[in-house]
Q: 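Sharing a structure with you now.
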Amino acid sequence: MQEFAGAHILPPTARALSDTLFGNSPYLARLAQQMPEFACEVLRGQRPALMQAILRDMESIRPKEESRAQLAGYLRRKKAETALVLAAEDVGGTASLEDITHGLSAFADAAVQLGLAHLVAERRAKGEIGTPDGTPDMVDPTYDDPSGYFILALGKHGGRELNYSSDIDLVALYDPARVRYDGRKTAGDAMIRLTQDLIALLDQRTADGYVFRVDLRLRPDPGATPVAISTHAAESYYQSSALNWERSAMIKARFIAGDRQAAAEYLDHLGSWIWRRTIDFAALADISALKDQVHSHFGQTDKTFAGYDVKLGPGGIREIEFFAQINQLLHGGRRPALRSRETLVTLQTLVTEGLLPETTARDLTAAYYFLRMLEHRLQMIADEQTHRLPEDRNGLDHVAGFAGFTDAGALESALGHHTRIVRSHFDDLMPDSANSGAEPAFSPDALEATLRDLGFEDPAGSAERIAIWRRGRYRALKTQRARELLDCCLAPLTEALSMTAAPSAALVRFDSWLGQLPSGVQIFSLFQANPNLFRLVARIMGLAPALAETLAKQPGLWDTVLDPEFFAPIEDETVLETRLSTMFERAADYQDMLDAVRHFVGEHRFRIGVHMLEGLADVRECGTALARVADVALKLLIPRVEDSFTEKFGRIRGGGLAVLAMGKYGGRELTHTSDLDLVFLYHVPLADPSSAAIQSDGPKPLGPSQYYSRLVQQVVTAITALTPAGRLFEVDTRLRPSGAQGPLVVTLKTFADYYRSAAWMWEHMALTRARLILAPDSMAGPLNNTILSVLTCQHDGPALLLAVADMRAKLAENTRASQDWAVKHGRGGLVDIEFICQYLMLRDGENTRALFTPSISDCLKGLAQHGILARDTAEALDKAYWLQSNIQAILRLSFGETIPGTDSDLPPGLREILCHATGLKTFDDLKQALSRSQGIVYSIFQQLITVPAGDLQTPHSDGQPTNGENT
């Protein structure tokens with residue numbers, strides 16, 4: 001080196017470094033002889049700059065005319081330069097372990113990137129792979145190639161922890177939807193060949209050596225899959241068939257080359273499989289199996305010095321790595337900070353997160369530095385992927401000297417110190433699976449902290465409830481077997497509940513249901529045998545309080561889930577009527593009948609809610625089904641209530657009761673929290689129904705007004721009364737004539753007179769959604785005719801327009817619906833669409849009677865059909881109406897009447913349901929669609945109502961409003 005340096009005198013430290021490097025490593029000495037000028041530069045000490053120059057050169061654009069052989073030679077020369085620079089940095093003590101491993105990993109990344117860029121460019125030049133716009137004409141290793149093919153680094157390479165003579169663990173994947181292949185074979189064949197060529201470029205030994213040995217055995221199912229597989233096949237394998245160690249291996253998966261976006265999507269999809277939010281039993285089994293695998297490796301040798309394996313031996317590098325990975329598997333699902341790919345970073349984060357004593361992390365870190373240093377010295381000697389110390393004394397003395405020790409005894413003492421400490425910490429991490437009994441999902445002492453980490457808003461209260469379960473306070477948990485089964489379900493239960501808006505509140509609902517169960521063994525065994533059912537009950541408790549309340553009152557409803565017809569569409573009205581009639585026939589008395597109809601409605605409401613939660617039916621189907629169930633319940637219940645009423649008060653000859661559905665019930669658009677808007681009317685066959693001469697024929701006779709008032713009160717009570725089976729429906733009767741100030745039930749004549757002479761304009765608008773659900777034959781025809789005649793009477797156009805605009809303005813002021821998710825009253829929301837329809841029906845209904853329908857969607861179709869609205873406008877309103885109705889229905893299933901204030905109030909599980917229900921891919925897409933639809937609706941409302949109403953109110957030159965003084 002001195003002779004070659006010539007005029008460039010080497011510094012005094014160069015001789016000692018040269019002796020250490022080239023006197024101990026024949027491999028490094030051979031490299032120095034092959035490139036003496038570069039070796040002199042290394043000895044002069046400008047090594048960081050040299051390493052940066054190597055990496056910059058590797059990222060530079062290469063000529064497209066360069067052959068594969070020329071590129072192979074270039075890569076191997078750069079690898080030799082890297083080996084010299086980093087060996088000198090390592091042995092000279094001028095760089096940290098992290099600098100060395102990061103440098104080796106960065107070069108490996110650059111080598112794969114350059115090799116792949118060259119091979120893809122070759123295929124593009126041949127026309128085999130499509131060339132998107134913007135693709136460089138030269139070989140650019142930094143180009144973010146949208147080819148659909150990508151390389152992941154795993155193992156030490158993925159963690160940027162490559163050792164000095166390490167293999168690189170690669171996984172080659174491609175997304176079939178992204179690959180643009182124009183060759184004669186299949187895209188899969190092309191990607192396999194591309195991978196084989198890349199391996200050859202890096203792995204084959206030539207006169208210049210090799211770049212890296214490549215190991216592809218960490219790909220999914222390596223014994224049965226080609227060297228490149230599709231992302232779909234890989235995801236399917238991981239989610240269904242992956243072994244214990246594969247989940248741990250994927251912690252270190254890192255994109256290094258190819259299509260960055262495709263790789264990001266792939267890794268994102270696997271995130272939930274790798275990072276589980278709770279310590280479920282599958283995770284514990286994985287961890288235990290990982291530890292057993294480590295011990296099985298260690299069992300191959302009991303050597304502690306001569307022949308010791310610094311990687312796999314007791315207290316070696318692998319135990320430190322597994323210590324970190326086990327803690328990542330345990331806690332990384334809830335603590336994203338622990339998802340590092342680097343062992344030392346993970347150990348320090350465990351300290352920061354309060355999960356590991358600082359002394360333990362310090363011990364393991366010191367041992368890791370020592371063992372990795374020793375590993376590097378072993379590999380530098382002959383560039384061999386070895387981890388074993390020599391067996392003979394001369395060899396041990398050689399390694400000891402290279403590592404900076406006076407002799408083998410000093411090295412043995414240091415090695416024993418570190419490995420004993422590592423083994424002790426590793427053994428304390430968790431007991432061997434063979435010796436451990438069934439452990440609870442959560443330690444009772446750590447339960448509250450665990451629930452807090454999961455996001456429970458009341459972790460102390462939730463922990464106390466779980467403690468009560470474990471003590472067997474409930475009837476369903478009296479047996480040891482039931483408590484054991486429950487304990488097995490706690491981890492997935494709390495994980496599922498933690499994804500809801502209010503986990504503690506959801507747990508309270510689960511507690512209420514659990515307290516009602518007669519037995520726990522059967523239900524929890526069922527959960528274990530059918531994990532989807534367990535997920536379903538957790539989603540119900542956490543995401544659908546209305547359903548949870550029904551389930552708590554009727555725990556037997558859960559049995560219906562096992563019915564083969566449970567997930568089928570709700571039956572037609574005839575089938576439902578037959579079913580409820582049979583239940584009524586079996587009722588022992590009036591109270592039994594009330595409970596029977598509650599069970600009937602509760603079962604079907606629960607079933608419909610599950611259909612909505614699981615995406616089996618959209619809001620139209622669910623709203624119609626809920627209305628159909630309500631219709632059947634009222635049609636069969638009210639006559640039986642009347643029969644009970646007649647036992648005391650008799651009947652009025654020829655009289656009859658009619659029931660009108662209004663609002664969402666009238667439009668067959670019920671949600672799970674909807675009240676039933678009802679209007680009651682009665683009819684008697686005399687000109688003067690209030691005459692004292694007309695009375696009922698029972699033991700306690702009543703006149704018509706009093707008779708029907710009491711009857712309706714009893715009907716409302718039968719519907720709303722809280723019985724052991726719960727409440728049937730809430731009822732709102734404020735849409736009756738004169739509202740809350742008027743009588744509960746009126747005659748048909750009073751109804752007609754009121755709407756023709758005294759009703760407010762908003763009452764006419766509300767009447768557009770009236771639907772007759774129950775009436776005697778003699779009353780049905782006249783009532784429908786009355787409603788139609790009221791709606792089709794001539795309305796003063798300007799007065800109607802101003803009234804609608806004024807009502808909307810007042811409603812907006814009173815509701816102040818500023819929340820993003822206020823889809824009913826918000827600007828451009830459901831109310832605006834309803835007002836548009838109701839205004840146009842009343843405005844044009846006199847000449848177009850066919851417009852009148854309680855269904856908003858049908859109304860919009862009619863408005864378009866008759867040319868009152870442009871077809872594209874009607875379709876836009878209809879699309880917006882159902883988008884927002886879907887959102888409203890699902891939010892009410894979860895929040896009741898409460899409107900979530902911000903996006904953060906919507907848990908991930910609910911966001912997924914919303915996206916699925918609306919057919920949108922992501923939550924951001926949903927928000928944008930909602931904002932866009934509300935903007936369209938508001939614009940149409942402005943054009944049809946707000947602006948024309950404003951024009952009417954603008955004074956003319958004479959100071960009079962354009963609509964006249966009597967508006």
Side-chain angles (χ1 to χ4, degrees), residues 1-6 8-57 77-108 156 160-166 310 317 344 365-384 386-387 389 396-408 410-411 414-415 418:
M1 292 297 99
Q2 288 175 326
E3 290 174 2
F4 192 86
H8 301 285
I9 299 173
L10 295 174
T13 55
R15 180 55 185 261
L17 181 58
S18 176
D19 285 349
T20 306
L21 286 175
F22 309 133
N24 283 297
S25 170
Y27 165 66
L28 293 173
R30 185 171 64 255
L31 292 182
Q33 289 174 327
Q34 292 170 355
M35 50 181 75
E37 183 176 0
F38 185 82
C40 285
E41 291 296 316
V42 171
L43 292 176
R44 286 194 184 99
Q46 303 300 314
R47 293 183 288 274
L50 289 174
M51 191 65 222
Q52 291 172 10
I54 292 171
L55 294 177
R56 279 198 306 271
D57 200 17
R77 287 191 296 275
K78 289 299 174 184
K79 173 62 183 299
E81 292 176 2
T82 299
L84 274 173
V85 171
L86 293 180
E89 287 278 85
D90 192 352
V91 173
T94 53
S96 67
L97 171 66
E98 291 88 340
D99 292 334
I100 303 304
T101 58
H102 285 187
L104 288 165
S105 301
F107 177 80
K156 282 186 167 60
R160 293 187 172 91
E161 299 169 339
L162 280 182
N163 53 46
Y164 195 77
S165 185
S166 181
V310 298
I317 295 169
L344 296 182
T365 299
Y368 187 80
Y369 279 134
F370 174 83
L371 292 167
R372 289 302 303 270
M373 177 276 295
L374 191 55
E375 177 186 51
H376 284 185
R377 298 302 180 274
L378 288 168
Q379 295 179 354
M380 284 178 190
I381 293 172
D383 187 30
E384 294 176 344
T386 182
H387 306 279
L389 290 172
L396 289 170
D397 284 337
H398 174 196
V399 172
F402 198 9
F405 291 90
T406 56
D407 56 29
L411 173 61
L415 177 64
H418 287 295

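Side-chain atoms are counted along with the backbone in the values below, which use heavy atoms only and exclude waters and symmetry mates.
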Q: Looking at every non-hydrogen atom in both residues, tell me the closest pair between D383 and S165 and how far apart they are.
A: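 For D383 versus S165, the nearest heavy atoms are OD1-OG, 2.9 Å.
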Q: Taking CD in Q34 as the centre, count heavy atoms belonging to other residues, nucleotides or ligands within less than 6.0 Å. Is the count above 12?
A: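 Enclosed: over 12 neighbouring heavy atoms sit under 6.0 Å from CD of Q34.
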Q: Going from CD1 on I100 to CG on N163, what distance comes out if it is rounded to the nearest 0.5 angstrom?
A: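 Going from the CD1 atom of I100 to the CG atom of N163 covers 12.5 Å.
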Q: Quick one: CG on L344 to OH on Y369, what's the gap to the nearest 0.5 Å?
A: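 Taking CG in L344 and OH in Y369, the distance rounds to 5.0 Å.
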Q: Answer yes or no: is there a donor N or O on one side and an acceptor on the other, between the side chain of E384 and the main chain of Q379, under 3.5 Å?
A: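 No, E384 side chain to Q379 backbone: no donor-acceptor pair under 3.5 Å.
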Q: Would you find a donor on one side and an acceptor on the other, under 3.5 Å apart, between the side chain of D397 and the backbone of A400?
A: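 Answer holds: no.
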Q: Any idea how H376 and Y164 line up, ring-wise: parallel (<30°), tilted (30 to 60°), or perpendicular (>60°)?
A: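 Rings of H376 and Y164: tilted, as their planes differ by 30° to 60°.
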Q: How many angstroms lie between CG in L55 and CZ in F107, if you round to the nearest 0.5 Å?
A: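 Atom-to-atom, L55:CG and F107:CZ are 8.0 Å apart.
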Q: Work out which heavy atom in R160 is nearest to a heavy atom in H102; give both atom names and the distance.
A: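 Heavy-atom minimum between the residues: O-CD2, 3.1 Å.
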Q: Run the side chain to side chain contact (heavy atoms under 4.5 Å, CB included) check on L389 and L396 step by step: do they pass?
A: CA-CA 7 Å; L389 290 172; L396 289 170; 4.0 Å; yes
Q: Using side chain to side chain contact (heavy atoms under 4.5 Å, CB included), reason through M51 and E81 one step at a time and then give a plain yes or no.
A: CA-CA 8 Å; M51 191 65 222; E81 292 176 2; over 6 Å; no
Q: Can you tell me how far apart CG (L17) and CD (E89) are? Round to the nearest 0.5 Å.
A: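 Between atom CG of L17 and atom CD of E89 there are 9.5 Å.
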Q: Taking all non-hydrogen atoms of both residues, which atom of P26 and which atom of N24 are closest, and how far apart?
A: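 Closest approach of P26 to N24, heavy atoms only: CD-O, 3.5 Å.
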Q: Please name the pair of heavy atoms, one in V85 and one in L50, separated by the smallest distance, quoted to 0.1 Å.
A: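 In terms of heavy atoms, the two residues are closest at CG2-CB, 4.1 Å.
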Q: Evaluate the criterion side chain to side chain contact (heavy atoms under 4.5 Å, CB included) for residue pair L411 and L374; output intermediate values, then yes/no.
A: CA-CA 10 Å; L411 173 61; L374 191 55; 4.1 Å; yes
Q: Of all the heavy-atom pairs spanning P11 and L43, show the shortest one and how long it is.
A: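 Nearest pair, atom of P11 first, then L43: CG-O, 3.8 Å.
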Q: So how far is it from H418 NE2 to L371 CG, rounded to the nearest 0.5 Å?
A: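 Going from the NE2 atom of H418 to the CG atom of L371 covers 7.5 Å.
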Q: At their closest point, which heavy atom of T101 faces which heavy atom of L162, and how far apart are they?
A: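 Smallest interatomic distance, heavy atoms only, reads CG2-O, 3.4 Å.
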Q: May I ask you to test the V91-R377 pair for a side-chain heavy-atom distance under 4.5 Å?
A: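 V91 reaches R377 side chain to side chain.
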Q: Carefully, step by step, assess I317 and R372 under the rule side chain to side chain contact (heavy atoms under 4.5 Å, CB included).
A: CA-CA 7 Å; I317 295 169; R372 289 302 303 270; 3.6 Å; yes
Q: Measure from the side-chain N and O atoms of D99 to the backbone N and O of S96, and report whether any donor-acceptor pair falls under 3.5 Å.
A: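 Yes, the answer is positive, given that a donor and an acceptor are paired below the 3.5 Å cut-off.
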Q: Atom CD in E375, atom OH in Y368: separation rounded to 0.5 Å?
A: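 Interatomic distance, E375 CD to Y368 OH, rounded to 0.5 Å: 8.0 Å.
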